[in-house]
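Right, one structure below, let's go through it.
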Amino acid sequence: KFDSKMVNYFETAHYVFVHSYIPDTEDWRICNDVQWEQAMWGQPFISSMYYGVKDKTIIHGHWYNSYYWAKVNGTSEFGEDACFDICRHNGAIGLDACTAFTKKVNVLVVEDELWKEWLCLQYKLFANSENDYENPIDTILHNRGIKDVDAYLKLNESCIEGTYNKLDNIDKAVECFDKHFLAHDAIAILVDSDPDGYTSGSMMYNYIKEMDAAYPVFYMLHEKNKAHGLNDMDFNIPKNTKLLILPDSSTNDSEICNKLIDLGIDIIILDHHIAEESAKKSKAIIVNNQTSKQYSNKEFSGAGIVYEFLRALDNYYWQEHADNYLDLCALGNISDVMNLATPQTRYIADQGLYRIKNKFLQALIAAQDYSMNGEITIHNVSWYITPIVNAMIRMGPMEDRDILFKAFIGEEQMFDYKKRDGTIVQESIYEHAARLCKNIKGVQDRARDKLLNDVHDDANQDDKVVMLQTDNPNS
């Protein structure tokens with residue numbers, strides 16, 4: 001395929017449209033890409049002599065039609081008498097593929113009906129069900145729990161109106177923040193070890209710096225590549241910290257929270273994880289959509305809860321800064337695989353990708369532009385942006401992870417980069433961090449492939465599940 005959007009074939013009630021021909025099997029419709037690759041570059045005039053599709057005509061290109069006419073009429077294949085007209089042969093129609101040679105394009109007009117079974121296969125709809133084959137988009141969305149399809153496709157700002165007020169303890173969190181902000185107390189932010197943690201942490205950090213560029217706010221990264229919340233005390237809280245903000249974590253870290261609070265550090269938790277019984281013992285101010293009965297959206301990530309907190313601060317301080325971080329909020333929710341059937345989450349994802357302001361996110365998209373085919377979509381972000389950021393967080397050294405977070409918060413810095421020809425050029429922290437992410441993703445992929453090869457060589461091929469134990473914590 002030349003484009004990821006291309007399908008292997010298109011089928012109507014009486015015709016099958018292909019590049020060259022179909023795979024030589026009764027189950028040709030569900031063949032894998034390797035089988036289709038072989039079929040679509042084969043010789044259709046020979047293939048049609050041995051097999052085809054019962055009661056249907058295959059329409060193809062790929063091969064020069066002069067081959068057929070030379071066999072039928074005895075004309076040459078590429079001489080002055082060569083014929084490249086459309087031809088019918090063995091249940092197939094050849095359109096010709098020698099336009100570069102003939103400087104002509106053959107046109108065949110076909111009138112037919114869509115084949116409902118083809119729609120079923122392409123959109124994975126079940127035949128003989130209540131699915132509406134002629135409206136696959138409506139059917140797919142309905143099957144995914146969306147009752148009002150028309151409203152879902154036309155989401156607007158009403159999705160987020162008044163939502164933050166329904167979060168338990170949101171007012172307490174705002175008051176606590178304001179107390180420390182007015183006193184110019186040191187604020188520390190613990191960054192959780194995943195893309196949602198990095199985006200939610202950078203949203204909170206950037207918001208404070210937007211309010212006061214000189215404000216004493218600090219961030220902490222976990223020493224371990226895979227750590228969560230306060231239970232992994234692999235970081236140092238800066239001296240004189242009076243307020244600790246914990247985005248995307250620590251709802252259930254009540255014991256450590258209480259110890260820190262007893263030492264004089266207030267704690268605000270902005271989380272979306274399920275609360276355990278121990279959370280009830282916490283002295284921290286917990287803002288969590290899962291524990292808020294009035295807050296209906298349970299499919300909002302840590303970045304989403306931080307966004308709601310920033311909106312509450314906007315309202316309190318009569319300012320409009322929260323929407324400056326919609327792009328990071330979108331990335332956090334997409335990366336944490338939140339259910340986008342939820343209108344609020346989908347609206348935030350759409351709006352965030354529509355207005356990308358963060359320079360590092362822009363650099364990531366530029367670095368992955370070829371893979372993303374120049375299209376900034378939820379699908380492309382989840383497949384080409386999230387994996388390289390996650391690879392850095394999970395496998396990158398502490399120094400590179402620090403550069404990653406500094407890129408997210410816009411800490412301007414220049415780096416030397418030695419190109420393949422030996423020349424040294426300057427690159428911004430955004431370009432540098434994006435390149436580091438792509439490099440570490442390559443390391444991760446090679447490590448994965450090696451492990452898969454080892455498993456393939458050693459495992460019993462009849463085993464349905466294979467578990468691999470490794471001494472490498474980053475593998």
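Fair warning: this is a prediction, and the values are worked out from it, not measured in the lab. Values below: every heavy atom of this structure, side chains too, minus hydrogens, waters and symmetry copies.
Aromatic pair Tyr9/Phe17: ring centres not closer than 6.0 Å. The aromatic ring centres of His19 and Trp41 sit less than 6.0 Å apart.
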Given Glu308 and Thr163, is the side-chain hydrogen bond (donor to acceptor under 3.5 Å, both in side chains) satisfied, shown in steps?
CA-CA 8 Å; Glu308 294 286 50; Thr163 52; 2.7 Å; yes

side-chain contact (heavy atoms from CB on, under 4.5 Å), that's the test. Do Cys437 and Met392 meet it? Break it down for me.
CA-CA 5 Å; Cys437 286; Met392 174 57 73; 3.9 Å; yes

Carefully, step by step, assess Asn288 and Asp168 under the rule side-chain contact (heavy atoms from CB on, under 4.5 Å).
CA-CA 7 Å; Asn288 187 319; Asp168 291 352; over 6 Å; no

As a quick check of understanding, evaluate salt bridge (Lys or Arg N to Asp or Glu O under 4.0 Å) for Lys281 and Glu255, giving each step before the final call.
CA-CA 8 Å; Lys281 301 176 182 178; Glu255 185 177 346; over 6 Å; no

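Two residues are said to be in side-chain contact when any heavy atoms from C-beta on lie closer than 4.5 Å; Phe309 and Val174 meet this criterion. Residues Phe218 and Tyr205 fail the side-chain proximity criterion, which asks for heavy atoms closer than 4.5 Å. Looking only at side-chain heavy atoms (C-beta outward), Arg394 and Ser193 come within less than 4.5 Å of each other. Between Met220 and Ile237, some side-chain heavy-atom pair lies under the 4.5 Å cut-off. Taking 4.5 Å as the limit, some side-chain heavy atom of Val443 sits within range of a side-chain heavy atom of Arg446. Within the 4.5 Å cutoff, no side-chain heavy atoms of Thr241 are placed close to those of His180. Looking only at side-chain heavy atoms (C-beta outward), Ile429 and Met414 stay at 4.5 Å or farther from each other. Between Asp336 and Pro195, the closest side-chain pair of non-hydrogen atoms is not below 4.5 Å.
Under the ring-ring contact (aromatic ring centres under 6.0 Å, His included) criterion, Tyr307 pairs with no residue at all, not counting sequence neighbours. With sequence neighbours excluded, the residues satisfying side chain to side chain contact (heavy atoms under 4.5 Å, CB included) with Asp262 are Lys283. With sequence neighbours left out, Lys172 forms a side chain to side chain contact (heavy atoms under 4.5 Å, CB included) with Asn169, Ile285. Considering only residues two or more places apart in sequence or on other chains, Asn240 meets the side chain to side chain contact (heavy atoms under 4.5 Å, CB included) condition with none of them. With sequence neighbours left out, Ser278 forms a side chain to side chain contact (heavy atoms under 4.5 Å, CB included) with Asn252, Ser254, Glu276.
The ring-ring contact (aromatic ring centres under 6.0 Å, His included) analysis of residues 328-355, with sequence neighbours excluded, yields no pairs. For residues 191-211, the set of pairs meeting the salt bridge (charged side-chain N to carboxylate O under 4.0 Å, His left out) definition, not counting sequence neighbours, is empty. Sequence neighbours left out, the pairs with a member in residues 147-164 that pass salt bridge (charged side-chain N to carboxylate O under 4.0 Å, His left out) are Asp150-Lys154. Judged as a salt bridge (charged side-chain N to carboxylate O under 4.0 Å, His left out), the pairs with a partner in residues 422-444 (not counting sequence neighbours) are, in order, Glu427-Arg435, Lys441-Asp445. Contacts classified as salt bridge (charged side-chain N to carboxylate O under 4.0 Å, His left out) and involving residues 290-305 (residues at least two apart or in different chains) are not found. Here ring-ring contact (aromatic ring centres under 6.0 Å, His included) pairs that include residues 230-284, with residues two or more places apart or in two chains, are His222-Phe235, His228-His273.
Judged by distance alone, the side chain of Asp234 and the main-chain N or O of Glu223 form a donor-acceptor pair under 3.5 Å. Proximity of a side-chain donor or acceptor of Asp400 to a complementary backbone N or O of Gly396 within less than 3.5 Å is not detected. At distances below 3.5 Å, not a single donor-acceptor pair connects side-chain atoms of Arg346 with backbone N or O atoms of Asn339. For the pair Asp185 (side chain) and Lys242 (backbone), a donor-acceptor distance under 3.5 Å is absent. At least one donor-acceptor pair closer than 3.5 Å links the side chain of Ser200 to the backbone N or O of Gly197. Side chain of Asn333 to main chain of Ser301: a donor-acceptor pair is present (N/O by atom type, distance under 3.5 Å, no hydrogens or angles).
Once rounded to the nearest 0.5 Å, the distance linking CG of Leu404 with CD of Glu399 reads 13.0 Å. To the nearest 0.5 Å, atom CD1 of residue Ile286 and atom CG of residue Leu167 are 13.0 Å apart. Between Thr377 atom OG1 and Asn380 atom CG the span is 3.5 Å, to the nearest 0.5 Å. How far CD1 of Ile440 is from CZ of Arg401: 10.0 Å, rounded to the nearest 0.5 Å. Separating the CD atom in Gln35 from the OG1 atom in Thr25 is a distance of 7.0 Å, to the nearest 0.5 Å. Here Asn297 contributes atom CG and Thr345 contributes atom OG1; the two are 3.5 Å apart, rounded to the nearest 0.5 Å.
Contact between Asn289 and Phe300 at its shortest, heavy atoms only, is ND2-O, 3.4 Å. When all heavy atoms of Leu328 and Ala303 are compared, the pair lying nearest together is O-CB, 4.3 Å. Between Leu331 and Ile385 the shortest heavy-atom distance is CD1-CG2, 4.1 Å. When every heavy atom of Ala341 is checked against every heavy atom of Tyr152, the shortest pair comes out as O-CE1, 3.6 Å. The minimum heavy-atom distance between Val381 and Pro387, with the atom names listed, is O-CD, 4.3 Å. Considering all non-hydrogen atoms of both residues, Gly332 and Thr199 come closest at CA-OG1, 3.4 Å.
The side-chain contact (heavy atoms from CB on, under 4.5 Å) test with Tyr219 singles out one residue from Asp402, Leu190, Ile187, and that residue is Asp402.
Under the 30°/60° scheme for interplanar angles, the aromatic rings of Phe181 and Phe177 are found to lie parallel. Relative orientation of the His184 and Tyr215 rings is perpendicular, given thresholds of 30° and 60° on the angle between their planes.
The number of heavy atoms from other shown groups lying within 6.0 Å of CG (Asn236) does not exceed 12.
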Side-chain donor-acceptor contacts of residues 356-365 below 3.5 Å, not counting sequence neighbours, with atom names and distances?
residue : atom : partner : partner atom : Å
Lys357  : NZ   : Asn324  : OD1          : 3.0
Asn358  : OD1  : Phe360  : N            : 3.0
Asn358  : OD1  : Leu361  : N            : 3.0
Asn358  : ND2  : Phe408  : O            : 2.9
Lys359  : NZ   : Glu412  : OE2          : 3.4
Gln362  : NE2  : Ile356  : O            : 3.0

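Gln351 and Arg355 are linked by a side-chain donor-acceptor pair at a separation below 3.5 angstrom, with hydrogens and angles left out of the test.
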